[in-house]
**Student:** 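Mind looking over this structure? Questions follow.
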Amino acid sequence: MILKFDHWSGPLYLHCSIRRGDPRRVIERSSEEVIIQAISTEYADYRVIASAACRAIRAFESDHNLARSLDLEFLVRLTGTRQIREAIDRAEPGDEFVLVVASRDRKKVKEVLKELLGEAEELEEFPERDGYKELLRTAASVDAEE
């Protein structure tokens, strides 16, 4: 499922799912305009992931980024550390991981998902935590949009 979050700085299209498989296949991919990341299930919270993705994209748009790539900027924002090596270590995925794909461009998110979804088995829907239903009320599912 791709969710659209409207933010004062523009839309954010986000996909998160818990997967099993080799996270290196996800981590090895990169794009200048799309966050493509496999992270530890410790960070399996839509609010935290959406916030980190939005802040990473905004940082790149305003030239206030700490990292050289959008994927690494996302990890820095997600883990709350300014040290890139520490951010990578904190969010390091295991055999079960959260697949995160985010961008301002819905079409680019869909393209990346087409490539990635066949490579790792989906374990479950994203876990419902406190505020999950409230968060979904503020987002719109855009899977059916063309």
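Every heavy atom of this structure was used, including side-chain atoms; hydrogens, water molecules and symmetry mates were not.
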**Student:** Under 3.5 Å, is there a donor-acceptor pair between the Ser17 and Arg19 side chains?
**Tutor:** yes
**Student:** Please report the closest heavy-atom contact between Arg20 and Phe97, naming both atoms and the distance.
**Tutor:** C-CE2, 4.3 Å
**Student:** So with a 6.0 Å cut-off around CD of Gln83, is the heavy-atom count from everything else above 12?
**Tutor:** no
**Student:** Is there a side-chain contact between Cys16 and Ile49, using heavy atoms and a 4.5 Å cut-off?
**Tutor:** yes
**Student:** Side-chain contact test, heavy atoms from C-beta onward, threshold under 4.5 Å: evaluate it for Leu78 versus Val48 and give yes or no.
**Tutor:** yes
**Student:** Is there a side-chain contact between Leu99 and Leu116 in this structure, where contact means two heavy atoms from C-beta onward sitting under 4.5 Å apart?
**Tutor:** yes
**Student:** Do Pro23 and Arg25 have side chains that get closer than 4.5 Å, going by heavy atoms?
**Tutor:** no
**Student:** Using a 4.5 Å cut-off on heavy atoms from C-beta on, say whether the side chain of Tyr43 contacts that of Arg90.
**Tutor:** yes
**Student:** Identify the heavy atoms of Ala102 and Leu14 that sit nearest to each other, and give their distance.
**Tutor:** CB-CD1, 3.8 Å
**Student:** Given side chains that start at C-beta, do those of Glu73 and Phe60 come closer than 4.5 Å, heavy atoms only?
**Tutor:** yes
**Student:** Compare every heavy atom of Ala67 with every heavy atom of Leu72, then report the nearest pair and how far apart it is.
**Tutor:** CB-CB, 3.6 Å
**Student:** Taking all non-hydrogen atoms of both residues into account, name the closest pair between Ala87 and Thr79 and its distance.
**Tutor:** CB-OG1, 3.3 Å
**Student:** Determine, step by step, whether Asp105 and Lys107 satisfy the salt bridge (charged side-chain N to carboxylate O under 4.0 Å, His left out) criterion, reporting the C-alpha distance in whole Å, the side-chain angles of both residues, the deciding distance to 0.1 Å, and the verdict.
**Tutor:** CA-CA 6 Å; Asp105 186 334; Lys107 288 180 183 177; over 6 Å; no
**Student:** Quick one: closest heavy-atom pair of Met1 and Leu3, and the distance?
**Tutor:** SD-CD2, 3.4 Å
**Student:** Ignoring hydrogens and angles, state whether a donor on the side chain of Ser51 or Arg55 is under 3.5 Å from an acceptor on the partner side chain.
**Tutor:** yes
**Student:** Are there over 12 heavy-atom neighbours, none belonging to Glu33, within less than 6.0 Å of that residue's CD?
**Tutor:** no
**Student:** Can you find a pair of side-chain heavy atoms, one from Phe5 and one from Cys54, that are under 4.5 Å apart?
**Tutor:** no
**Student:** Would Ile35 and Leu66 show up in the same hydrophobic cluster when neighbours are defined by side-chain heavy atoms closer than 4.5 Å?
**Tutor:** yes
**Student:** Got Ile2 and Lys110 here, is their nearest side-chain heavy-atom distance under 4.5 Å?
**Tutor:** yes
**Student:** Is Phe74 reachable from Ile88 through a run of hydrophobic residues whose side-chain heavy atoms are each under 4.5 Å from the next?
**Tutor:** yes
